[in-house]
Participant: 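Next up is a structure, given as structure tokens.
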Amino acid sequence: MAKDLTKQPETDTDNGTQVLEEGIHHVNNPVLDLPEIVKNYLGPVAGYHQENNNYYFNDGSASVEIKVVSDEIIRVRLAPRGQFLEDFSYAVPQSDQHVAVYNFEEDQQAYRVKTNTVTCVINKADFLVSFADREGNEYNRDFAPMHWEENPDFGGYYVYCTKLALANEAFYGLGDKPTHLNLRGKRFVNWNSDTYSFQFHQDPLYRSIPFYIGLHEGDAYGIFFDNTFKTYFDFAAEAHDQTSFWSEGGELQYYYIHGPHMMDVVKRYHTLTGTHYLPPLWALGFHQCRWSYYPESKVKDLARNFRERKIPCDAIYLDIDYMDGYRCFTWNKRYFPDPKKMIKELADDGFRTVVIIDPGIKVDENYWVFREGKKNRYFCRRGDDYFMEGYVWPGRCQFPDFTNVEVREWWGGLFKGLVEAGVAGVWNDMNEPAVFGRGTFPNDVRHNFDGYRGSHRKAHNVYGMQMVRATYDGLKKLFQNKRPFTITRAAYAGTQRYASVWTGDNVATWEHLRLGALQLQRLSTSGMPFCGTDIGGFSGEPDAELFTRWIQFGVFSPFMRAHSAGDTAEREPWSFGEEYEALNRKFIELRYKLLPYIYSVFWEHTRYGFPILRPIAMIEQRLDGNIQREEEFCFGDKILVSPVLHPGQQNKMVYLPVGEWYDYWNDSLLEGGQEHDVDTPIDKMPIFIKAGTVLPEYPVMQYVSEKKIDSLKLVIYHTVREANSYLYEDHGDTFAYEQQIYLEKKFVVKGTSDSLSINQYVDGLYSEKYDTYDLQLVALPFKVRQVRVDDTAVLVESDATGRYTVKVSKDFRSIQITG
Ligand code: GLC
């Protein structure tokens, strides 16, 4: 029977579906039902004017600001009606930098803003913006003029920028996206989300870092879209020749960051958003966590096991059960009758105690934190002024508005009791913010936004960042000159100034181990250097092999913490039998041996903005795209690792970047620029040291500073070239380094086939506590005849492994070794 096309279907107004005659529910065709999308594009440039570093171009009504931030960084902003928003950013504390020289030129076709490094071209006819280097090589250009759309939901605009995506251009960055390193062909959204047991390619996750790096034919640039609303990125997914980013509100404001090296892009991104402060040295040790260790006897038992079994560990975590009914800043006195005493006893045994804090404050008139927050109206409110309420661990909760400076100060002060009890670090969780059932806050929740008031649409992605900022600032005050340790789950660009991050609730599978290797590299190149995964996987249960392989990867995770959900079998380094306990011990010990190197790499980050983990694509960006081994990475610039990611894997092809590398396990020399078949029995993970490296090594300690170091070991790897290595030393836990109280040592190693020289240059005001170095000379291709230290001959010995050892003064300037 033919259908009567004139008969209108009934409409079910509740859920927006239509009931067709046959009773089939059919979702409305969005194209037919939505109002026409009207996008406004910039028209031809009508004029310009200049104010200081800022150039303003207009098309008669809309205005574009081009700001010279530095020689390598240009900021672009769009004001659809000519009115810019207040210049305020949580990511970029201050954008006024000193620019030496810049120039402005105009010809018939275009305007050009030129720094010493970058030329920004604004085309007159179509308002397309492009960026080139001084020689005129173009790095990035608009595909379409910047555009916007009246926002039908709440006024304001959706703002869009569409760039040309070149053939073979690769894209990196964007925070914690759990996918392949190259983002090309994919589309993403940034909206901080609590994503328990997330999966490969799932999006969005916990963090919003709207910063990416484009790499084409070996040249890299960065784009940082500083917009806290829900943002979207499309890397040549919808259209093969376009990369777009857009937002559901706020301003189209982005920074173009010049390369050409990816490393420079990341460093320059850090000049905008800041680096991670130098963590206390103990925070670089091994951390043991579980949901949850309680009561006190359990915690003590855990600590005793670590020490008796001689497995190094610096931190033990207390998850939510230490609290009284999950009320933040309280103790469950039944489980922990005397927290101060317990924490002191743990500290005497070398353990720091880290406690969890959540943003949800239980609605309870008998609870002082709730009463204070309520009295001062510190909690978030809905559009109709009722308090925002939602259910989290404690039941019904209200939530501080951390975007209010007064609230942040209050929150920071709440840690007084915990700090007096001896707590050394704070773990900030559930701060996307997560709310059971509904996911997060509704959009109408109001936020102070440091005076630039707005709804949750604007504040959602910075809520967690502002929470951990409040925590960090509070702890910093309470600790006085000691460095706090903080960790957060949610983040926005710039959060590295306040906290480390972990990747959230992962799963105990081999796939997640691999994902971790990708996520940590991505976080590192996105400005979040101090990052780690839940070693072993949070949900599910790893077998012995997976756990050990994860510990191995953990040695080279900037943040090394084992964690597991409460409904899984207990999971400590000794939980899988003696054979695996020995393996886990061996690798945790390796972490402790490498601590002076790891600390020095961290310094390079804090001081200069270098990422800690560096993907191969970053090291060999000119070799473009032929590197398939995306799970391999360098930790600092001297150590390359290739984690083992498959069960039963006995060997693995490892690509070594151009240069010479030593196999860490047997000192054999391997040529880079090619792949090598490497053995990977369970007691080995492929680790390679760059030729010419001076690798400082601590003796195995059960916790940081357990032992006084009388003589520091320096392992020196021969090279036939010249190489520099750096060693950074300071108190390990104070902020004195900000007053130059540190030592930065540079070792210059030069070698030939029958000689090696090492020169030391020392800078800084700290005095190290040891007098000598124990040099170990690795893989000398000649028999040593003579060693002269500052022109005096000294004795060397060779050990069973073929390494030569020699003790020298820590103040040596020059060592000559000849064969
Ligand atoms: C969240 C965290 C997890 C923690 C748990 C209980 O799921 O991601 O790490 O153990 O809450 O606090």
Side-chain angles (χ1 to χ4, degrees), residues 176 178 192-199 202 204-207 287-294 298-299 302 315-332 335-336 353-362 390-395 397 399 418 423 425-437 439-440 463-464 467-468 471 485-491 495 499-508 512 515-516 519-520 523 528 531-542 550 554 557 559-572:
D176 62 354
N192 293 355
S193 306
D194 177 10
T195 41
Y196 171 80
S197 292
F198 57 88
Q199 297 174 2
Q202 187 173 327
L205 300 190
Y206 303 89
R207 282 162 279 277
H287 299 216
Q288 182 66 41
C289 185
R290 178 167 170 79
W291 179 13
S292 296
Y293 289 122
Y294 71 89
K298 181 102 186 173
V299 177
L302 178 77
I316 290 180
Y317 282 58
L318 301 180
D319 205 326
I320 47 176
D321 299 285
Y322 80 88
M323 303 176 195
D324 172 18
Y326 307 129
R327 290 170 187 83
C328 292
F329 309 103
T330 68
W331 288 91
N332 180 321
Y335 298 154
F336 297 100
T353 303
V354 179
V355 296
I356 198 168
I357 281 292
D358 289 339
I361 298 297
K362 188 176 176 69
Y391 283 79
V392 214
W393 307 119
C397 286
F399 303 83
L418 290 172
V423 161
V426 175
W427 170 21
N428 295 249
D429 192 20
M430 305 290 277
N431 51 355
E432 291 70 30
V435 178
F436 294 159
T440 191
Y463 186 84
M467 173 186 176
V468 74
T471 303
F485 168 70
T486 43
I487 172 166
T488 180
R489 198 169 70 175
T495 304
S500 61
V501 293
W502 90 106
T503 56
D505 295 343
N506 61 357
V507 189
H512 263 268
L515 254 187
Q519 283 185 292
L520 297 196
L523 283 164
M528 303 293 305
C531 51
T533 61
D534 281 350
I535 292 175
F538 179 70
S539 61
E541 290 174 4
W550 215 315
S557 299
F559 172 56
M560 186 184 188
R561 182 185 77 161
H563 183 35
S564 50
D567 57 355
T568 61
E570 298 207 340
R571 196 185 307 164
E572 286 79 39

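Both backbone and side-chain heavy atoms feed into the values below; hydrogens, waters and symmetry mates do not. We count residues from 1, following the sequence as given. Atoms within each ligand, like the ligands themselves, are counted from 1 in listed order. In this text, all values refer to a predicted model and were calculated from it rather than measured experimentally.
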Participant: On a heavy-atom basis, which atom in Asn192 and which in Arg207 lie closest, and how many Å separate them?
Facilitator: OD1-C, 3.2 Å
Participant: In chain order, what residues pass the side chain to side chain contact (heavy atoms under 4.5 Å, CB included) check against Thr353, with sequence neighbours excluded?
Facilitator: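 Per chain and number, Thr353 pairs via side chain to side chain contact (heavy atoms under 4.5 Å, CB included) with Leu318, Ile343, Leu346, Val355.
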Participant: State which residues pass salt bridge (Lys or Arg N to Asp or Glu O under 4.0 Å) with Asp429; sequence neighbours excluded, sorted by chain then number.
Facilitator: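 Per chain and number, Asp429 pairs via salt bridge (Lys or Arg N to Asp or Glu O under 4.0 Å) with Arg489.
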Participant: Quiz question: by atom type and distance under 3.5 Å, do the side chains of Asp321 and Ser292 form a donor-acceptor pair?
Facilitator: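 Asp321 vs Ser292: donor-acceptor pair found between side chains.
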Participant: Can you name the residues that form a side chain to side chain donor-acceptor pair (under 3.5 Å) with Arg290, not counting sequence neighbours?
Facilitator: Ser564, Thr568
Participant: Short N or O contacts of ligand 1 with protein, under 3.5 Å, listed by atom name?
Facilitator:
{"unit_1": "ligand 1", "atom_1": "7 (O)", "unit_2": "Asp505", "atom_2": "OD1", "d": "3.4"}
{"unit_1": "ligand 1", "atom_1": "7 (O)", "unit_2": "Asp505", "atom_2": "OD2", "d": "2.8"}
{"unit_1": "ligand 1", "atom_1": "8 (O)", "unit_2": "Arg489", "atom_2": "NH1", "d": "2.7"}
{"unit_1": "ligand 1", "atom_1": "8 (O)", "unit_2": "Asp505", "atom_2": "OD1", "d": "2.5"}
{"unit_1": "ligand 1", "atom_1": "8 (O)", "unit_2": "Asp505", "atom_2": "OD2", "d": "3.4"}
{"unit_1": "ligand 1", "atom_1": "9 (O)", "unit_2": "His563", "atom_2": "NE2", "d": "3.0"}
{"unit_1": "ligand 1", "atom_1": "10 (O)", "unit_2": "Asp319", "atom_2": "OD2", "d": "2.5"}
{"unit_1": "ligand 1", "atom_1": "10 (O)", "unit_2": "His563", "atom_2": "NE2", "d": "2.9"}
{"unit_1": "ligand 1", "atom_1": "11 (O)", "unit_2": "Asp429", "atom_2": "OD2", "d": "3.0"}
{"unit_1": "ligand 1", "atom_1": "12 (O)", "unit_2": "Asp319", "atom_2": "OD1", "d": "2.6"}

Participant: Applying the ring pair (Phe, Tyr, Trp, His ring centres under 6.0 Å) test to Tyr322, which of Phe336, Trp331, Tyr294 qualifies?
Facilitator: Trp331
